[in-house]
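Here is the structure we will look at.
In this text the structure is predicted, and so the values were computed from the model without any measurement. Positions are given from 1, in the same order as the sequence printed here.
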Amino acid sequence: MKEKILKYDVIFEEQPQGGYTVSVPSLVGCISEGDTFEEAKENIAEAITAYLESLAIDGEKIPKRDSNIFVGQVGVQNPFLQ
């Protein structure tokens, strides 16, 4: 059964100069950006759609979401402030 809504994990990286860069680990090379978080979210949704449409045109399989990806944070002592 084909899913009507596909969900992919995305990674938002806040940029020092402002804005966000967003990548999709399951879709190699699918990257976008935006000046705000919401804009970046909208832009990556458009990029994912275009990526999947390109795969469909080329007769390629649509990749499923990776289930082994976990994005988190780890705290460590700053060695310059000891």
Side-chain angles (χ1 to χ4, degrees):
M1 181 175 172
K2 294 188 179 189
E3 298 175 50
K4 187 170 182 162
I5 302 294
L6 301 172
K7 295 184 179 183
Y8 289 93
D9 295 321
V10 296
I11 299 172
F12 289 86
E13 295 181 66
E14 192 169 4
Q15 297 302 307
Q17 69 278 15
Y20 295 85
T21 299
V22 192
S23 61
V24 186
S26 299
L27 307 175
V28 177
C30 188
I31 300 171
S32 191
E33 61 185 7
D35 291 334
T36 65
F37 183 83
E38 283 303 315
E39 182 180 315
K41 188 176 175 182
E42 290 173 17
N43 290 347
I44 198 62
E46 290 175 9
I48 291 169
T49 299
Y51 190 105
L52 297 179
E53 287 173 348
S54 176
L55 291 177
I57 289 168
D58 293 341
E60 304 274 338
K61 287 178 73 175
I62 292 178
K64 293 189 178 194
R65 176 182 154 222
D66 286 335
S67 59
N68 61 348
I69 294 175
F70 175 79
V71 177
Q73 292 184 343
V74 175
V76 297
Q77 182 69 37
N78 183 339
F80 297 102
L81 297 178
Q82 291 183 5

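Hydrophobic clustering places V24 together with L52 (ILVMFWY residues linked when any side-chain heavy atoms are closer than 4.5 Å, directly or through intermediates).
If you take SG on C30 and CD1 on I44, they are separated by 4.5 Å, rounding to the nearest 0.5 Å. Taking CG of L6 as the start and NZ of K64 as the end, the distance is 10.0 Å to the nearest 0.5 Å. Remark: Y8 OH to S23 OG distance equals 14.5 Å, nearest 0.5 Å.
Considering only residues two or more places apart in sequence or on other chains, Y20 meets the ring pair (Phe, Tyr, Trp, His ring centres under 6.0 Å) condition with F37. With sequence neighbours excluded, the residues forming a side chain to side chain contact (heavy atoms under 4.5 Å, CB included) with E13 are I11, Q15, listed by chain and number. By the side chain to side chain contact (heavy atoms under 4.5 Å, CB included) test, E46 pairs with N43, sequence neighbours left out.
Without hydrogens or angle criteria, T49 side chain to A45 main chain gives a donor-acceptor distance under 3.5 Å. The backbone N or O of G29 lies less than 3.5 Å from no partner atom in the side chain of Y51, so there is not a single donor-acceptor pair.
When all heavy atoms of S26 and P63 are compared, the closest pair comes out as O-CB, 4.0 Å. Across I62 and L55, no two heavy atoms sit closer than the pair CA-CD1, 4.4 Å.
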Stepwise side chain to side chain contact (heavy atoms under 4.5 Å, CB included) check, I48 with V10: CA-CA 10 Å; I48 291 169; V10 296; 4.2 Å; yes

